[in-house]
Amino acid sequence: MSRLTSDFYTQDAITVAEKLLGKVLVRIREDGTESRYIITETEAYLGEEDLACHASKGRTKRTEVMYSEGGHVYVYLIYGMYWMFNIVTGDKDYPQAVLIRGLANITGSGKVGRELGLDKSFYGESLLNSERIWIEDAPDAMNYLTAPRVGIDYAGEIWKSKPWRFILQTSEN
DNA sequence: TGCACGATCTCG
DNA sequence: GAGATCGTGCAT
């Protein structure tokens, strides 16, 4: 399988979130160990008008990377202890990102960050040429569910109810 | 310069 | 059901 290219990541966040299901996340650790995970759950955050998207607060030091071209990594610390793993999508200057909420056998975005050993040094890393983290192609997922996004009560009913959460259907659920 | 809070999880 | 724990955005 080959590494996903710029053409994939520059699509809109909703399309990327859907197509990432079933793809393979590869992580090379400091000791050289390679880990591979199938992506099973994602969420799309789309633009400054999406009140659930961090970029809705405008361009800041924290959201800066979302304004770059798709294919970069956006990580941030939540609740003082969990690193969320996001992938920037779309064209330059149009802030969008996809949150990786679950990998095979690892459910929950906080646990994903812990499992991958993320920290702020991953902020802005490029999945197109990184030596330690990238995503490889795989056949598109045939069966998946959609649902409202989680943990964004502050975003208001309109954005809160958008079905922008994608869940891969496996033999286990 | 200070403060309240969050795209969470684990334990009791 | 509450605590852990800290960077960020916004008020002072």
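The chains referred to below are lettered A, B, ... by the order of the sequence lines, with proteins before strands, and numbering in each begins at 1. All values below were derived from every heavy atom in this structure, side-chain atoms included, with hydrogens, water molecules and symmetry-related copies excluded. No experiment lies behind these values; they were computed from the predicted model shown.
Between A/Tyr82 atom OH and B/dT10 atom P there is a gap of 5 Å when expressed in whole angstrom units. Look at CE on A/Met81: it is 8 Å from C1' on B/dC9, rounded to the nearest Å. Whole-Å rounding puts the A/Leu77 CG to B/dC5 P distance at 18 Å. In this structure, OH of A/Tyr74 is placed 9 Å from C1' of B/dA7, rounded to the nearest angstrom. Atom-to-atom, NZ of A/Lys111 to C1' of B/dT10 comes out at 10 Å; the value is rounded to the nearest Å. Put simply, CD on A/Glu115 is 15 Å from C1' on B/dC9, counting in whole angstrom units. As a whole-Å value, the separation of A/Leu99 CG from B/dA7 P is 10 Å. Rounded to whole Å, the distance from OH on A/Tyr79 to C1' on B/dC9 is 10 Å.
Under a 3.5 Å cut-off, the side chain of A/Gln11 and the backbone N or O of A/Phe8 do form a donor-acceptor pair. Judged by distance alone, the side chain of A/Arg149 and the main-chain N or O of A/Ala44 form a donor-acceptor pair under 3.5 Å.
Taking 4.0 Å as the cut-off between side-chain N and carboxylate O, A/Arg101 and A/Glu43 count as a salt-bridged pair. With respect to the salt-bridge test (charged N to carboxylate O, under 4.0 angstrom), the residues A/Asp93 and A/Arg59 qualify. Between A/Lys23 and A/Asp140, at least one side-chain N (NZ, or NE/NH1/NH2) sits under 4.0 Å from a carboxylate O, which counts as a salt bridge.
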Watson-Crick and G-U pairing of DNA chain C, under 3.5 Å, as dot-bracket with | and [ ]: ||||.||||||.
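Listed pair A/Arg114 / B/dT10 meets the phosphate criterion, a side-chain N or O lying under 4.0 Å from OP1 or OP2. Contact check, A/Thr60 against C/dG9: a side-chain N or O comes under 4.0 Å of OP1 or OP2. Distances shown here put every side-chain N or O of A/Arg165 at or beyond 4.0 Å from the OP1 or OP2 atom of B/dA7.
Stacking here means ring centres nearer than 5.5 Å and ring planes tilted less than 30 degrees, and by that measure A/Tyr154 does not stack onto B/dG6.
The two residues A/Leu20 and A/Ile100 have their closest heavy-atom pair at CD1-CD1, 4.1 Å.
Among the protein residues, A/Ala52 comes within range of the nucleic acid bases, having at least one heavy atom under 4.0 Å from a base atom. Residue contacts for A/Arg149: at a heavy-atom cut-off of 4.0 Å it reaches no nucleic acid atom on any strand shown. Contact annotation for A/Gly80: base contact, defined as any heavy-atom pair under 4.0 Å involving a base atom.
Remark: the separation of the P atoms in C/dT5 and B/dG2 is 22 Å, to the nearest Å.
Atom CD of A/Glu131 is surrounded by 12 or fewer heavy atoms from other residues, nucleotides or ligands within 6.0 Å.
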